[in-house]
Amino acid sequence: MTSSSMNMMSRIIFYEDRNFQGRSYECSSDCADMSSYMSRCHSCRVERGCFVVYDRTNFTGNQYFMRRGEYADYMSTMGMSDCIRSCRMIPMHRGSYRMRIYERENFGGQMHEMMDDCDNIMDRYRMSNCMSCHVMDGHWLMYEQPHYRGKMMYMRPGEYRSFMNMGMGHTRFMSMRRIMDSYF
């Protein structure tokens with residue numbers, strides 16, 4: 001089965017109430033504005049694939065990674081409000097992973113190329129800040145604290161010159177993780 005056919009099978013179902021009750025909305029691709037489908041969301045079920053959900057429309061605001069599984073009351077578990085407003089399907093990636101992280105905006109300062117997970121950039125690279133990056137291969141999650149904790153941000157292939165301009169304010173990313181096939 002090809003990677004693209006696996007992506008076509010991705011599916012997440014959102015429910016208005018806890019324990020998969022109330023109105024539901026099924027999604028198998030990106031959805032920039034879910035507010036016309038449901039007014040609140042307290043549980044969800046990821047049947048296939050992985051998704052990032054956002055608390056604002058157009059893939060902005062706080063982000064949460066959802067892999068295959070049931071989340072009967074994920075709002076209180078993850079500290080989210082009841083307003084999931086958009087979601088993005090993460091395509092399955094088979095191949096190498098490569099990302100360059102930079103200490104400053106616009107690819108300035110210290111640079112390190114990563115090909116695997118890093119639970120603490122300070123320990124591994126003696127780098128106290130990561131303000132821009134270039135994702136060359138694969139899909140990644142970046143976290144504001146070491147050991148994959150705190151706010152996170154989904155990064156797909158592309159150049160990210162300034163995290164501040166992406167609505168992340170003064171967030172400093174201190175750990176990075178690849179989104180691997182095992183999550184699917």
Measure the shortest side-chain to side-chain distance between [X] and [Y] over non-hydrogen atoms and say whether it is less than 4.5 angstrom.
{"X": "W140", "Y": "I179", "value": "no"}
{"X": "M155", "Y": "M153", "value": "yes"}
{"X": "E159", "Y": "F107", "value": "yes"}
{"X": "Y54", "Y": "I84", "value": "no"}

query = Between the side chains of H42 and Y15, does any donor sit under 3.5 Å from an acceptor?
reply = no
message = Just by distance, no angles: are the side chains of T60 and N58 close enough, under 3.5 Å, to form a donor-acceptor pair?
response = no
How long is the gap from [atom1] on [X] to [atom2] on [Y], to the nearest 0.5 Å?
{"X": "R85", "Y": "C41", "atom1": "CZ", "atom2": "SG", "answer": "9.5 Å"}
{"X": "R100", "Y": "H134", "atom1": "CZ", "atom2": "NE2", "answer": "7.5 Å"}
{"X": "I90", "Y": "S10", "atom1": "CD1", "atom2": "OG", "answer": "9.5 Å"}
{"X": "R94", "Y": "M180", "atom1": "CZ", "atom2": "CE", "answer": "11.0 Å"}
{"X": "I12", "Y": "R48", "atom1": "CD1", "atom2": "CZ", "answer": "12.5 Å"}
{"X": "F65", "Y": "H139", "atom1": "CZ", "atom2": "NE2", "answer": "11.5 Å"}

Minimal non-hydrogen separation, [X] against [Y], with atom names:
{"X": "R56", "Y": "S86", "answer": "O-OG, 2.6 Å"}
{"X": "S24", "Y": "I13", "answer": "CB-CG2, 4.0 Å"}
{"X": "M89", "Y": "P91", "answer": "O-CD, 3.5 Å"}
{"X": "C130", "Y": "M142", "answer": "SG-CE, 3.8 Å"}
{"X": "S128", "Y": "M174", "answer": "O-SD, 3.7 Å"}
{"X": "N120", "Y": "S175", "answer": "N-CB, 4.3 Å"}

key: Plane angle bin for Y125 and H112 - parallel if under 30°, tilted between 30 and 60°, otherwise perpendicular   = parallel
Ring geometry between F14 and Y25 (parallel below 30°, tilted from 30 to 60°, perpendicular above 60°) = parallel
Can you tell me if [X] uses its side chain to pair, donor with acceptor, with the backbone of [Y] under 3.5 Å?
{"X": "Y37", "Y": "D33", "value": "no"}
{"X": "Y154", "Y": "Q63", "value": "no"}
{"X": "E70", "Y": "R45", "value": "no"}
{"X": "R126", "Y": "M122", "value": "yes"}
{"X": "R18", "Y": "D73", "value": "no"}
{"X": "E103", "Y": "M131", "value": "no"}
{"X": "N62", "Y": "D55", "value": "no"}
{"X": "S132", "Y": "R104", "value": "yes"}

task = For residues Y143 and H147, establish whether the separation of their ring centroids is below 6.0 Å.
result = no
ask   = Is the centre of the F163 ring less than 6.0 Å from the centre of the F173 ring?
value = yes
Charged N-O contact under 4.0 Å between [X] and [Y]:
{"X": "R23", "Y": "D17", "value": "no"}
{"X": "D137", "Y": "R178", "value": "no"}
{"X": "E113", "Y": "R98", "value": "yes"}
{"X": "R161", "Y": "E105", "value": "no"}

Do [X] and [Y] land in one hydrophobic cluster if side-chain heavy atoms of ILVMFWY residues count as linked below 4.5 Å?
{"X": "M136", "Y": "M176", "answer": "no"}
{"X": "M114", "Y": "M111", "answer": "no"}
{"X": "F20", "Y": "F51", "answer": "no"}
{"X": "Y102", "Y": "M99", "answer": "no"}

message = Before you tell me yes or no, could you show the steps for Y71 and S43 under side-chain contact (heavy atoms from CB on, under 4.5 Å), namely the whole-Å CA-CA distance, both residues' side-chain angles and the distance that decides it to 0.1 Å?
response = CA-CA 6 Å; Y71 303 86; S43 59; 5.8 Å; no
task = Check the surroundings of atom CZ in R149: do more than 12 heavy atoms from other residues, nucleotides or ligands lie under 6.0 Å from it?
result = no
ask   = Taking it one step at a time, do E47 and R68 satisfy salt bridge (Lys or Arg N to Asp or Glu O under 4.0 Å)?
value = CA-CA 6 Å; E47 293 187 348; R68 187 176 47 217; over 6 Å; no
Steps toward side-chain contact (heavy atoms from CB on, under 4.5 Å) verdict (M127, I101) = CA-CA 10 Å; M127 192 171 166; I101 58 172; 3.9 Å; yes
inquiry  = Apply side-chain contact (heavy atoms from CB on, under 4.5 Å) to residues Y97 and D116 and explain how you reach the verdict.
reply    = CA-CA 7 Å; Y97 289 78; D116 59 354; over 6 Å; no
key: Test side-chain contact (heavy atoms from CB on, under 4.5 Å) applied to E16 and S39, step by step   = CA-CA 7 Å; E16 283 190 334; S39 59; 3.6 Å; yes
